[in-house]
Amino acid sequence: MNEDKEKTILAIQGQEDLENDIVYEVNKIKKEYEARIVSMSLDQQKQNQEYENMAHQIKSSLSTCFLNVDLLNDDEGNKGYIERIDHQLEKINKLTNDFLKGYSIRQNNLHYQFKFYNLESCIKQVVLDVQEQAYQKNIQFELNTKEFYLFMDPFWIQEALESILINCLEYAFENTKIYVDLKEEKNQAIIQIQDHGYSVDKQIDLFKRYETSNHNDNHYGIGLNMTKEIIEHHFGSIDVSSQENKTTFRILLPVNKLERINI
């Protein structure tokens, strides 16, 4: 009797161990499945963000092209306009190529091509690109910059700066100036952009995706968010302050001692 009882107890224990093992494996599979679902969801969000980033930049470049084409009909000195259109079309072509190959080189950021490049040249090119928008409001740019070489991706740095300048032009008062300064301080390149215009609502985070103080149908709150991402992928930071009809964007980009050239 006792022997049969012990066998029965051992059998029951064996059954319970088997059930526990099954439960453990099921829970393990469940957790792996849930983790994979979360990963897929995050990946989908990244894909959607890339779609929006590319579409926004292409739209900005096309708007500049359309504006210059309209001006071609009103001015016989077309060379400058054609050059700007050509530059914008080159940007569109590169953006499109990056978009098409993006998913074959899947990474956690945009496809940067870092090299030593003159940051002052980037600033001057961007100012030239948005010149027509400035003419519409009789806004002038005042630059205080010097030659400054930095290890960066000049294409995306220009995109970041252009988003800021376009934002400044939209909110600046007519017949005013936008000030652009470049200097070095404590092993950092500091770019400061200031306009005189409508103040920014302190309740709004301009760098948050879809956050915008402009409720125009053509504004989606993407440009400055992408600007922040670009700056952060260059190991830098950006902030904005606004008071008494003055809005100031301040970009900090670290300068490695090995890459510093006279400023």
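Predicted model only: the values in this text are computed from it and were never measured.
- Between Ala172 and Ile139, the shortest heavy-atom distance links the atoms CB-CD1, 3.7 Å.
- Contact of the Met152 side chain with the Cys122 side chain is registered, since non-hydrogen atoms from C-beta on lie closer than 4.5 Å.
- Shown here is Glu244, whose CD atom has no more than 12 heavy atoms of other residues, nucleotides or ligands within 6.0 Å.
- Interatomic distance, Gln194 CD to Cys168 SG, rounded to the nearest 0.5 Å: 9.0 Å.
- Ring pair Phe116/Phe151 is tilted by interplanar angle, where 30° to 60° counts as tilted.
- The closest side-chain heavy-atom distance from Asn138 to Glu174 is not below 4.5 Å.
- Considering only heavy atoms from C-beta on, Glu170 comes within 4.5 Å of Ile166 through its side chain.
- For the atom pair CG (Leu128) and NZ (Lys124), the distance works out to 11.5 Å, reported to the nearest 0.5 Å.
- When hydrophobic clusters are built by joining Ile, Leu, Val, Met, Phe, Trp and Tyr residues whose side-chain heavy atoms come closer than 4.5 Å, directly or via intermediates, Leu161 is grouped together with Val240.
- With a 6.0 Å radius and a threshold of 12 heavy atoms from other residues, nucleotides or ligands, Phe114 has its CZ atom above the threshold.
- From Ser163, atom OG reaches atom CG of Leu224 across 6.5 Å, with rounding to the nearest 0.5 Å.
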Working for ring pair (Phe, Tyr, Trp, His ring centres under 6.0 Å), residues Tyr179 and Phe141: CA-CA 6 Å; Tyr179 300 88; Phe141 289 97; 10.0 Å; no
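- Between Ser199 and Asn245 the shortest heavy-atom distance is OG-N, 3.2 Å.
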Pair Tyr198, Thr247 - check side-chain contact (heavy atoms from CB on, under 4.5 Å), show working. CA-CA 8 Å; Tyr198 299 102; Thr247 298; over 6 Å; no
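- Thr176 meets the side-chain hydrogen bond (donor to acceptor under 3.5 Å, both in side chains) test with no other residue; sequence neighbours excluded.
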Determine, stepwise, if the pair Lys137 / Leu169 fulfils side-chain contact (heavy atoms from CB on, under 4.5 Å). CA-CA 8 Å; Lys137 299 177 70 173; Leu169 285 168; 5.5 Å; no
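- Side-chain contact between Phe148 and Leu182: present, with at least one pair of heavy atoms (C-beta onward) separated by less than 4.5 Å.
- Of all heavy-atom pairs spanning Leu253 and His234, the tightest one is CD2-CB, 3.9 Å.
- Gln192 and Thr248 get closest at one heavy-atom pair: CG-CG2, 3.5 Å.
- Scored by the side chain to side chain contact (heavy atoms under 4.5 Å, CB included) test, Gln140 finds Lys177 as partners (sequence neighbours excluded).
- Using a 4.5 Å heavy-atom threshold, the side chains of Ile157 and Tyr117 count as separate.
- Of the candidates Ile238, Asp195, Val180, Ile238 is the only one forming a side-chain contact (heavy atoms from CB on, under 4.5 Å) with Ile164.
- Hydrophobic clustering places Leu143 together with Ile178 (ILVMFWY residues linked when any side-chain heavy atoms are closer than 4.5 Å, directly or through intermediates).
- The hydrophobic clustering, which links ILVMFWY residues whose side-chain heavy atoms are closer than 4.5 Å, places Val126 and Leu252 apart.
- The two residues Phe155 and Asp153 have their closest heavy-atom pair at N-OD1, 3.0 Å.
- Atom CD1 of Ile123 is separated from atom CD of Gln158 by 10.0 Å, given to the nearest 0.5 angstrom.
- Residue Val255 comes nearest to Gln188 through the heavy atom pair CG2-C, 3.8 Å, listed as atom of the first residue, atom of the second, then distance.
- Note that NZ of Lys228 is 10.0 Å distant from CG of Asp239, once rounded to the nearest 0.5 Å.
- Atom CG of Leu165 and atom CZ of Phe249 lie 9.5 Å apart (nearest 0.5 Å).
- Side chains of Met226 and Trp156 form a contact here, defined as non-hydrogen atoms less than 4.5 Å apart.
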